[in-house]
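Because the structure is predicted, anything quoted here is derived from the model rather than measured.
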Amino acid sequence: MKEKLSQYKHVLLLLYFPFYLTAFFFLEKFGPDKIHIIDCAFDQYIPFVEVFIVPYLLWFAYLLAAGLYFMFYEKESFVRMMCFGMIGMTIFILVSWLYPNGLELRPETFARDNIFVRLTQFVYSMDTATNVLPSIHVFNSVGICITIRYSEKLRDKKWVQNGALILTILIILSTMFVKQHSVVDVLLALLLSYISYELVFEGWAVKIWNSMEEMKYKYQKKARRRSGCLEK
């Protein structure tokens, strides 16, 4: 039994989600009345294209499928993906708390009435236009794509690699074409993705920790020498 539990202790990282969801819904419900509107000149040149609601909604399946696969088949990749995600989502919560923000980009009327418009209206009704900076849709999609790139079992499967890249690009574009995010949200999410990538996948966190440990060791050694515990 203990052996089984030790094999799946990485699953405990999922306990982060109750914290994240509680914080998110609290901010959504009890956020201040005055918010900072996020927009830029480029937003005005991006049209509303309702068909992009499909890749926007596919994000949920993308997140679930990647999470289940890595959780059961690649433990190390799962831990990396979760650490990547927790960095961005925690920063998102802090930004939403310290800098309440929102959008005024959603169309008030629609030129057409079809299944894609109705799906978009459903998303609008379920998700407010507040707390959008940076885009978690963009951030987590990039995190999944990077995890797949680094996956030992998937790195040689070109169709998986290419499919993940295409889907990630479509999801990023969808956030702007369905007017769920500003270009500002997307660019800051990409910047945050790069920082998280360097920390989690390129070993910055390990390097920083090792440097701190080395400095600590040198300081303790000097302190012992000063106290006469070590010969000079």
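- With S151 contributing its side chain and T147 its backbone, the two residues share no donor-acceptor pair below 3.5 Å.
- We find the CD1-NZ distance between I53 and K179 to be 13.5 Å, quoted to the nearest 0.5 Å.
- Between F52 and F177, the ring planes lie parallel to each other; the angle is under 30°, not in the 30° to 60° tilted range.
- Results of the ring-ring contact (aromatic ring centres under 6.0 Å, His included) test with F139 over F92, F84, Y197 single out F84 as the only residue that passes.
- For the atom pair Y194 OH and I146 CD1, the distance stands at 11.0 Å (nearest 0.5 Å).
- Connection of L94 to L188 is established within a shared hydrophobic cluster, with ILVMFWY side chains joined at heavy-atom distances below 4.5 Å, either directly or through further cluster members.
- Note: the hydrophobic cluster containing Y16 also contains F25 (ILVMFWY, side chain heavy atoms under 4.5 Å, direct or indirect links).
- Put simply, the side chain of N101 gets close to the backbone of V132: a donor and an acceptor are under 3.5 Å apart.
- The hydrophobic clustering, which links ILVMFWY residues whose side-chain heavy atoms are closer than 4.5 Å, places L133 and V183 together.
- Within the 4.5 Å cutoff, no side-chain heavy atoms of R118 are placed close to those of F122.
- With no hydrogens or angles considered, no side-chain donor-acceptor pair links Q161 and R155 at under 3.5 Å.
- Side chain to side chain, T168 and Y62 meet the donor-acceptor criterion of an N or O pair below 3.5 Å.
- In this structure, the side chain of K34 does not engage the main chain of P100 through any donor-acceptor pair within 3.5 Å.
- A salt bridge does not link E74 with K153: every distance from a Lys NZ or Arg NE/NH1/NH2 to an Asp or Glu carboxylate oxygen is 4.0 Å or more.
- In this structure, the side chain of N162 engages the main chain of K158 through a donor-acceptor pair within 3.5 Å.
- The number of heavy-atom neighbours closer than 6.0 Å to CZ of F42, taken from other residues, nucleotides and ligands shown, is 12 or below.
- Heavy-atom neighbours of E76 CD from other residues, nucleotides or ligands within 6.0 Å: at or below the threshold of 12.
- For the pair L105 and S182, the minimum side-chain heavy-atom distance is below 4.5 Å.
- With hydrogens and angles disregarded, a donor-acceptor distance shorter than 3.5 Å links the side chain of T175 to the backbone of I172.
- M126 and Y56 sit in two unconnected hydrophobic clusters of ILVMFWY residues. Membership requires side-chain heavy atoms under 4.5 Å apart, directly or through other members.
- When the side chains of ILVMFWY residues are joined at heavy-atom separations under 4.5 Å, either directly or via intervening members, I136 and F26 end up in two distinct hydrophobic clusters.
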